[in-house]
Amino acid sequence: MDSTLSENNVIQFNGDSGITEAFDLLHIYVEGDETDHRRCREDVLYSRNALRKQRHWEKRQAAKKSKRKEEKIRRKLNREKESGPDKDVTQLTKRVINAITKERLAEAKSTGPKLCVDLSMTDCMSDKEVSRLAGQIRRLYGSNRKASRPFHLLLTDLEMDSRLYKECVRKNDGFVHYQMDVTEKSCLELFPRDNIIYLTPDAEEALESVETDMVYVLGGLVDESIQKKISYQRARECNVRTARLPVEECMIKKDNPKNFHSKILAINQVFDILLTFCDTGSWSTALETWFPLGKGYVVATEALPCPSPVSGT
């Protein structure tokens, strides 16, 4: 018996062999229907997931846009508040501000006081400490860019294949374009020994003034183990003059629950104090502004007279 499929999809049997063929055709039709149904269901699920992700992305973008708009309004209000209602302030573009900053930093190389960050002690530091030092260098440079009277900055003893250099490049955007001198040489190879003053909290002599013909050196060291006098020992090895910030002259210890008192500061904190002193001529003002309260010191109400401000300018 044979079988044929009519135009109306009705199976017609022609003999015994046609029965088998008919069942085969029915099996094919059933499998095809199940496959089509499964594909359809998967398409629906995929469409729902894609739609849900799309909506989530749109919400995030809208939130970001709203946040940027609020931040823009906040900055505008702050500028208006600082300038006052009666002042005609010329708004400078970012390009103009960068050009002015570059010109000021370039001029500091010939007229400003010099500050070196001695990076010869990084071999004894852990990766975490190296990363923290890279962050301090970024903040130090940022302060110098904003300063009205910037320093001529130098990173000395910094090898290009060192951990610190690689971390500075990784962590600090635009590090290779910083307007500061980066060299593998030491400060002794760059400047006369008699012109160098190494700033260390363990020095006996207090720094009185900042002079443009002198070179001030900060020890680039982050030491979580609190080893004492490392920067002072480094200065003694170099056989150069040492000085400290006038903390003892201008500040007093403040009682605190932990009875903790420390004069050890990060390099960017020391630098901010130097910058403010150069602007104000007051060690008390500089220390009150930038000396961290957590160190256990406060400016004395009857501090010794402030030393002279920047000389040689």
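Excluded from the calculations below are hydrogen atoms, water molecules and symmetry mates; all remaining heavy atoms, backbone and side chain alike, are included. The first residue of the sequence shown is numbered 1, and numbering continues consecutively from there. Remember, it's a predicted structure, so these values are computed and weren't measured experimentally.
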_Closest approach of Asp161 to Lys166 (non-hydrogen atoms, all atoms of both residues)_ = O-CE, 3.6 Å

*Arg145 side chain to Gln179 main-chain N or O, any donor-acceptor pair under 3.5 Å?*
no

*asked:* Test of understanding: with side chain to side chain contact (heavy atoms under 4.5 Å, CB included), list the residues that count as partners of Ser143, not counting sequence neighbours.
replied: Phe271, Asp272, Leu275

*Distance-only side-chain donor-acceptor flag, Thr183 / Asp181, under 3.5 Å*: no

_I'd like to know if the side chain of Asn172 pairs up with that of Tyr141 as donor and acceptor (distance under 3.5 Å, no hydrogens or angles considered)._
no

*asked:* Using the salt bridge (Lys or Arg N to Asp or Glu O under 4.0 Å) criterion, which residues pair with Lys263? Sequence neighbours excluded.
replied: Glu248

_Applying salt bridge (Lys or Arg N to Asp or Glu O under 4.0 Å), can you list everything that pairs with Arg170, at least two apart in sequence or on another chain?_
Glu167

*Are any side-chain N or O atoms of Asn144 and backbone N or O atoms of Phe151, one a donor and one an acceptor, separated by less than 3.5 Å?*
yes

*Mark yes when over 12 heavy atoms from residues, nucleotides or ligands other than Ile97 sit less than 6.0 Å from its CD1; otherwise mark no.*
yes

*Please tell me if the side chains of Thr280 and Thr289 come closer than 4.5 Å, counting only heavy atoms from C-beta onward.*
no

*Contacts of type salt bridge (Lys or Arg N to Asp or Glu O under 4.0 Å), residue Arg236, not counting sequence neighbours*: none

_Set of side chain to side chain donor-acceptor pair (under 3.5 Å) partners for Thr156, sequence neighbours left out_ = none

_Backbone N/O of Ile264 and side chain of Ser262: donor-acceptor pair under 3.5 Å_ = yes

_Please check this pair: side chain of Thr276 against backbone of Ile273, looking for a donor-acceptor N/O pair closer than 3.5 Å._
no

*Determine yes or no for a side-chain-to-main-chain donor-acceptor pair under 3.5 angstrom, with Arg193 supplying the side chain and Cys238 the backbone.*
yes

*Please lay out, stage by stage, how Cys187 and Asp118 fare under the test side chain to side chain contact (heavy atoms under 4.5 Å, CB included).*
CA-CA 8 Å; Cys187 57; Asp118 177 12; 5.8 Å; no

_As a quick check of understanding, evaluate side chain to side chain contact (heavy atoms under 4.5 Å, CB included) for Thr111 and Thr212, giving each step before the final call._
CA-CA 7 Å; Thr111 62; Thr212 55; over 6 Å; no

_Arg234 side chain to Tyr198 backbone, donor-acceptor under 3.5 Å_ = no

*Can you check whether Tyr165 reaches Leu155 side chain to side chain, under 4.5 Å on heavy atoms?*
no

*Under the side chain to side chain contact (heavy atoms under 4.5 Å, CB included) test, which residues partner Ala206, sequence neighbours left out?*
Arg244, Pro246, Glu249

*Write down the atom of Glu211, the atom of Pro113, and the distance for their closest heavy-atom approach.*
O-CB, 4.1 Å

*Has the side chain of His261 got a donor or acceptor atom that lies under 3.5 Å from a matching backbone atom of Lys254?*
yes

*asked:* Tell me whether Tyr297 contacts the main-chain N or O of Pro292 through its side chain, where contact means a donor paired with an acceptor under 3.5 Å.
replied: no

*Polar side-chain atom of Arg149 near backbone of Ala108 as donor-acceptor pair, under 3.5 Å*: no

*Check whether any side-chain heavy atom of Arg132 sits under 4.5 Å from a side-chain heavy atom of Met125, and report yes or no.*
no

*Donor-acceptor contact below 3.5 Å, side chain Lys253 vs main chain Gly296*: no

*Ignoring hydrogens and angles, state whether a donor on the side chain of Gln233 or Glu237 is under 3.5 Å from an acceptor on the partner side chain.*
no

*Can you tell me if CD on Glu184 sees more than 12 non-hydrogen neighbours from other groups inside 6.0 Å?*
yes

*Which atoms form the tightest heavy-atom contact between Asp213 and Asn195, and what is the distance?*
O-ND2, 3.6 Å

